[in-house]
Amino acid sequence: MAVRAINDDSHFQAELTNAGIKLVVVDFTATWCGPCRSIAPHFERLPAKYPKAIFLKVDVDKCQDTAAGQGVSAMPTFIFYRNRTKIDRIQGADINALESKITQHYASGEDGDNGDDYGQGLMDLATFIQANQCECLNEADDHPLAHCLKAGAGYLASDCDEQLIVSITFNQAVKIHSIKVKAPPAHAPKDIKLFINQPRTLDFDMAEGYVSVQDLSLTAKDCENGTPVNLRFVKFQNVQNIQIFIKNNQTGDDKTVIEHLAFIGAPIITTKMDDFKRVAGKKGEAH
């Protein structure tokens, strides 16, 4: 594996398409840029260290359309993509900061569960979960929500009784096609209610009384295999947060366990204004 130099914008778009759900890291660079030259040897070594990612180099003078289209205004800029979607960016020649970002996004697609290709442009949305904005009501202290958001990281368990309210926030709007709940059959969730775009986390009384966007009844087999359960896709086309009220489990036990919780869908590609450089006037001025 080696860093691939991009020839033009059609070549760039083809590389993103061919990468599928793999992490793509793109170095937007210039031959006249000193910091670009200093970090270049370090960047060249990254494909061997992260073999499941794709590394591209874009000369901004040679590929001006690509640089402009991606909102690049300073070099070096590193932009991260998955499934043709921009998921993060970092500027400057700091190899430690760059590797920290790579590790963060590489890990979210490294294992088999998060690396599956679901077709139709669908992917595991773990990359887009904003972990510090997620919470769970009635989670056990030693088995919190964070344990089930990545496969193999532990498990989420309820505390006082079998009910849970899981609130997941995404860092950009997404479309959710299906949900995966992997759990041991004896403690697996059964009847759940789904709510989206609530201004705050619901409490248990509110979750019982509110009309949900969709109700699901999971089977023990669904949960044992971690089988994706399709949602009414048309109802989940613009989701900033989703809340899951788990009413009970498969056996009526007082403990509910989730080993892995995942959402399958696609990000809504939107224009972020910070991707563009102000070219005239000052902030706040009319043009």
Side-chain angles (χ1 to χ4, degrees), residues 2-47 49-50 53-106 108-109 123 125 127-130 132-133 170-174 240 266-287:
V3 174
R4 304 172 190 172
I6 295 301
N7 301 318
D8 52 38
D9 196 58
S10 62
H11 181 200
F12 176 70
Q13 297 299 333
E15 288 285 358
L16 292 186
T17 298
N18 293 338
I21 63 169
K22 290 183 179 179
L23 176 66
V24 180
V25 184
V26 185
D27 176 12
F28 288 87
T29 185
T31 55
W32 46 262
C33 166
C36 297
R37 291 196 298 271
S38 70
I39 200 171
H42 302 286
F43 190 76
E44 293 289 339
R45 288 193 287 268
L46 294 176
K49 194 170 182 179
Y50 303 97
I54 304 296
F55 292 86
L56 308 178
K57 183 182 289 287
V58 175
D59 184 320
V60 299
D61 294 317
K62 183 179 179 180
C63 303
Q64 295 182 17
D65 289 346
T66 302
Q70 301 306 308
V72 174
S73 59
M75 278 64 71
T77 291
F78 300 92
I79 302 184
F80 302 78
Y81 302 82
R82 195 188 296 280
N83 210 27
R84 294 182 52 85
T85 302
K86 190 184 301 184
I87 59 174
D88 210 339
R89 67 187 287 152
I90 187 172
Q91 290 184 349
D94 184 338
I95 188 61
N96 293 326
L98 175 60
E99 282 214 61
S100 177
K101 287 281 190 184
I102 292 172
T103 302
Q104 173 190 339
H105 296 297
Y106 189 81
S108 72
M123 62 187 292
L125 295 173
T127 295
F128 304 98
I129 292 177
Q130 192 168 345
N132 63 355
Q133 296 295 316
F170 299 96
N171 60 20
Q172 68 180 81
V174 299
Q240 285 287 171
I268 297 174
I269 300 175
T270 57
T271 299
K272 297 181 180 178
M273 294 311 295
D274 60 2
D275 284 346
F276 295 91
K277 182 180 179 183
R278 177 171 289 278
V279 295
K282 298 179 180 179
K283 187 176 181 180
E285 289 183 342
H287 288 70

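Owing to the predicted nature of the structure, the values given are computational and were not obtained by experimental measurement.
Among pairs with a residue in residues 80-104, those fulfilling ring pair (Phe, Tyr, Trp, His ring centres under 6.0 Å) read F12-Y81, F80-H105, at least two apart in sequence or across chains. Within the structure, every pair that satisfies the side chain to side chain donor-acceptor pair (under 3.5 Å) test and touches residues 20-29, not counting sequence neighbours, is listed here: D27-K57.
The two residues I54 and R4 make their nearest non-hydrogen contact at CD1-NH2, 3.8 Å. The shortest heavy-atom contact between I6 and C63 is O-SG, 3.6 Å.
In this structure, M123 and P267 have side chains that are in contact, with non-hydrogen atoms separated by less than 4.5 Å. Between V3 and L56, the closest side-chain pair of non-hydrogen atoms is not below 4.5 Å. Counting only heavy atoms from C-beta outward, the side chains of Q172 and I268 never approach each other to under 4.5 Å. Looking only at side-chain heavy atoms (C-beta outward), N171 and I129 stay at 4.5 Å or farther from each other. Side-chain atoms of F78 and R89, non-hydrogen and from C-beta on, never get closer than 4.5 Å to each other. In this structure the side chain of T66 never reaches within 4.5 angstrom of the side chain of V26, judged on heavy atoms.
Partners of K62 according to the salt bridge (charged side-chain N to carboxylate O under 4.0 Å, His left out) rule, which considers only residues two or more places apart in sequence or in another chain, do not exist here. Residues satisfying the salt bridge (charged side-chain N to carboxylate O under 4.0 Å, His left out) criterion with E44, sequence neighbours excluded, are absent altogether. Shown here are the side chain to side chain contact (heavy atoms under 4.5 Å, CB included) partners of Q133, two or more places apart in sequence or in another chain: Q130, T169. Under the salt bridge (charged side-chain N to carboxylate O under 4.0 Å, His left out) criterion, D88 pairs with K101, not counting sequence neighbours. Checked against side-chain hydrogen bond (donor to acceptor under 3.5 Å, both in side chains), N7 has the following partners two or more places apart in sequence or in another chain: H11. Annotation: side chain to side chain contact (heavy atoms under 4.5 Å, CB included) contacts of A74 (sequence neighbours excluded): Q91.
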Legend entry - V24 vs R82, side chain to side chain contact (heavy atoms under 4.5 Å, CB included): CA-CA, chis, key distance, verdict: CA-CA 6 Å; V24 180; R82 195 188 296 280; over 6 Å; no

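Here E99 contributes atom CD and I90 contributes atom CD1; the two are 11.0 Å apart, rounded to the nearest 0.5 Å. A distance of 6.0 Å separates CG in D65 from CG in D9, rounded to the nearest 0.5 Å. In this structure, CG on L16 lies 10.5 Å from NZ on K86, to the nearest 0.5 angstrom.
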Solution key, residues 32-43 side-chain donor-acceptor pairs under 3.5 Å, sequence neighbours excluded:
unit_1 : atom_1 : unit_2 : atom_2 : d
W32    : NE1    : D61    : OD2    : 2.8
R37    : NH1    : T31    : O      : 2.8
S38    : OG     : P35    : O      : 2.8
H42    : ND1    : R45    : NH2    : 2.9

